[in-house]
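Report on one structure; see the data block that follows.
Please read all numbers here as calculations on a predicted model, not as lab measurements. Counting begins at 1 with the first residue of the sequence. Note that these values count all heavy atoms, side chains included, but never hydrogens, waters or copies made by symmetry.
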Amino acid sequence: PLSAVGSVVGWMITKNLIISRFFNFIFAFLLHVIFIREIKKHYSIDEDMLLIYSAFSLVILPWYFGVLYSLGEVTSTIIFFYGLLLFEPRRRISLILLSFSIFFGKLILLFLFVIFYLTYIFLTKEYKNLFSDIFFFSLPLILWITFIAIYYSKGNIFEYIHDFVYFNFINNRLPR
């Protein structure tokens, strides 16, 4: 759902597919602007150059199509990237952003998060924050499970997980 926010807003306002797709570009760029403003508070960066690079990142070929067709890679990767940058200065917010980009964006980012987090914990030996980190990381997951429990029309949470695994991992692997 995270990837289509800009498109949905554009569609609700205009009912025009082309403008709806353009709104997704605006949404992705606004994410960059918002996060760059926050990053600037914690790191010494050239904000203008980072904004220019961010704008170019949205028009490189693979990401251009991702934004154009409201695919999850772009928006979730933007949030994931800035979540990583905010980990040291704003750990709790960072964990929520990282989890949000995973569970509302692309589940494959979970592998990158696990590698990052385990490496960080191993190098810094900050085991005392483990339970707090798990709590904040699980907040978006709890929200997602709540949405599923309320709105999944084919059954309950377990049936959703079964359908999700079957569709994404088993069904796509069967010989045709």
With the side chain counted from C-beta on, respond yes when F113 and F80 share a heavy-atom pair under 4.5 Å apart, and no when they do not. yes
Can I161 be reached from I108 by stepping across I, L, V, M, F, W or Y side chains whose heavy atoms are under 4.5 Å apart? no
Run the side chain to side chain contact (heavy atoms under 4.5 Å, CB included) test on L86 and L97 for me, step by step, so that the C-alpha distance in whole Å, both residues' side-chain angles and the decisive distance to 0.1 Å come before the verdict. CA-CA 9 Å; L86 288 171; L97 288 172; 4.0 Å; yes
Sidechain-backbone polar pair: S20 side chain, S7 backbone, donor-acceptor under 3.5 Å: yes
Is S94 reaching over with its side chain to a backbone N or O of R90, donor-acceptor style, under 3.5 angstrom? no
Around atom OH of Y120, are there more than 12 heavy atoms of other residues, nucleotides or ligands at under 6.0 Å? yes
Side chain to side chain contact (heavy atoms under 4.5 Å, CB included) between I18 and F22, worked out: CA-CA 6 Å; I18 295 169; F22 179 71; 5.9 Å; no
F100 vs F104 aromatic rings, parallel, tilted or perpendicular, using cut-offs 30° and 60°? parallel
F116 and F87: aromatic ring centres closer than 6.0 Å? yes
Heavy-atom side-chain contact between Y117 and D133 under 4.5 Å: yes
Is Y82 reaching over with its side chain to a backbone N or O of E38, donor-acceptor style, under 3.5 angstrom? no
Chi angles and distances behind the side chain to side chain contact (heavy atoms under 4.5 Å, CB included) call for F137, I102: CA-CA 10 Å; F137 184 78; I102 292 166; 3.8 Å; yes
Under a 3.5 Å distance rule, please check whether S99 uses its side chain to pair with a backbone N or O of I96 as donor and acceptor. no
Rounded to the nearest 0.5 Å, how far apart are CG of L143 and OG of S138? 11.5 Å
